[in-house]
Amino acid sequence: MENRRSIDSLDVAKFVAALFVVAIHTELFKGSLLQCVVFPWARMAVPLFFMISSFLFFRRQVAVGGGGASHFAKRLMGFYSFWLVALLPLVVLSRHDRWVTGNMIGSAINILVDVFYRGAVPGSWFVIALMISVIGVDFLARRVGNVMVLCFSLLLFFFCCAHSAYWPYFKKIQWFATASNFYTSMFISPVFTWPAAMLWVALGKFFAEKRNVLPCGRGVKFWLLVVGCALLWSEWLFVKRNFGMSTCDTYVTLPVVCTTVFSLILNSDFQWDGARRLRSMSAVVYITHPLISQCIHYVFECRLGCPSLLRIPLFCVTLSCSLLLANCIWRLSSRWSLLRLAY
């Protein structure tokens, strides 16, 4: 078993990652100096979210000596179903154009794809992607081994990078553009489905089975992190200058940085009794902030007839509402156990 302090550091890291995700989605960094300074490294938030969740599952699997991913999948489906039901009226409004097409069969297919593959609740794609990836990694690792799973996951990750940061180049390759456009038209961009999560889930499994994935001291890891961050920033600058894209979701150098950061977090000496609470709140913040942000835009633009909040106020209001809701759910869950499904 891992000691408690390692879990505490992961819980806090997951909460910080949720804050960065809110900042990205409310465009806090857009069009400012912060975009150049912070945004490239803020992209580590989603990979770390996947790695932490994967590590915690496979760590438990190692501790009990085996077992499939069915229990983990049930927990995720409970979490996802809770928010799908709780936010159903807003979900229907946000998906109205896809779910009401005038063609009953087409509408039914879109509903099924959204609910079971894309994630019907805005911002919930990570839940479906995490569940599919954990089941897939667990299944494949039992049959072909971790190394083959990692190679396959890397190919999927490079596919996502080609569809994201390097799309202006790869769209000129006919077969790739055809395959990519087909996947996107059928579902959604691959960077918002399970192919983008497989690598991070596989790495989380590696850390769970062999904690010391990077067999070097903290000093070496620190310099590896510095080099990785420099490469990530250089890649971001290259993509921005050559392709005019400054808000991409995936970069080739992210695995180097995220693996090093995760190793440092996992082996940190941090310990705090409130860390578990932060982990629970981070899940609520992650899944509720997109709809909260959309509601704020709707109130200001459609009802008040004025521009929505500026980036900083929008970030602050969205985060405050999400944290308030998360705190209320945490407190009430001690009375109503059903609310524990919310995190």
Inset, instruction - For Lys14 and Ser53, work out which heavy atoms get closest and say how close. - result: NZ-OG, 3.1 Å
Legend entry - Residue pair Cys258 / Pro47: nearest heavy atoms and the distance that separates them: SG-CB, 3.7 Å
Legend entry - Minimum-distance pair of heavy atoms, taken over all atoms of Cys161 and Thr250: CA-OG1, 3.3 Å
Inset, instruction - Measure the acute angle between the ring planes of Trp233 and Trp236, then classify it against the limits of 30° and 60° as parallel, tilted or perpendicular. - result: tilted
Legend entry - Partner set under side-chain hydrogen bond (donor to acceptor under 3.5 Å, both in side chains) for Ser333, not counting sequence neighbours: Tyr343
Inset, instruction - Show your reasoning for whether ring-ring contact (aromatic ring centres under 6.0 Å, His included) applies to Phe159 and Phe176. - result: CA-CA 9 Å; Phe159 170 72; Phe176 182 88; 5.4 Å; yes
Inset, instruction - Keeping the roles fixed (side chain from Thr184, backbone from Asn181), state whether a donor-acceptor pair exists under 3.5 Å. - result: no
Legend entry - Exercise: identify the closest heavy-atom pair between Phe270 and Asp8: O-CB, 4.0 Å
Legend entry - Residue pair Ser180 / Lys171, side-chain donor-acceptor N/O under 3.5 Å: no
Inset, instruction - Decide if the gap between the ring center of Phe58 and the ring center of Phe207 is smaller than 6.0 angstrom. - result: no
Inset, instruction - Could you pull out the closest heavy-atom pair between Phe20 and Ala45, with the gap in Å? - result: CB-CB, 3.8 Å
Inset, instruction - Taking the six-membered ring for Trp and the full ring for Phe, Tyr or His, determine whether the centres of Trp125 and Phe50 are under 6.0 Å apart. - result: yes
Inset, instruction - Would you please test Ile135 and Phe72 for side chain to side chain contact (heavy atoms under 4.5 Å, CB included) and show each step? - result: CA-CA 9 Å; Ile135 294 174; Phe72 183 75; over 6 Å; no
Inset, instruction - Give the C-alpha distance, both sets of side-chain angles, the deciding distance and a yes or no for ring-ring contact (aromatic ring centres under 6.0 Å, His included) between Trp200 and Phe157. - result: CA-CA 9 Å; Trp200 313 119; Phe157 177 74; 5.4 Å; yes
Inset, instruction - Grab the two heavy atoms, one from Ala342 and one from Phe79, that are nearest each other, plus how far apart they are. - result: O-CE1, 2.9 Å
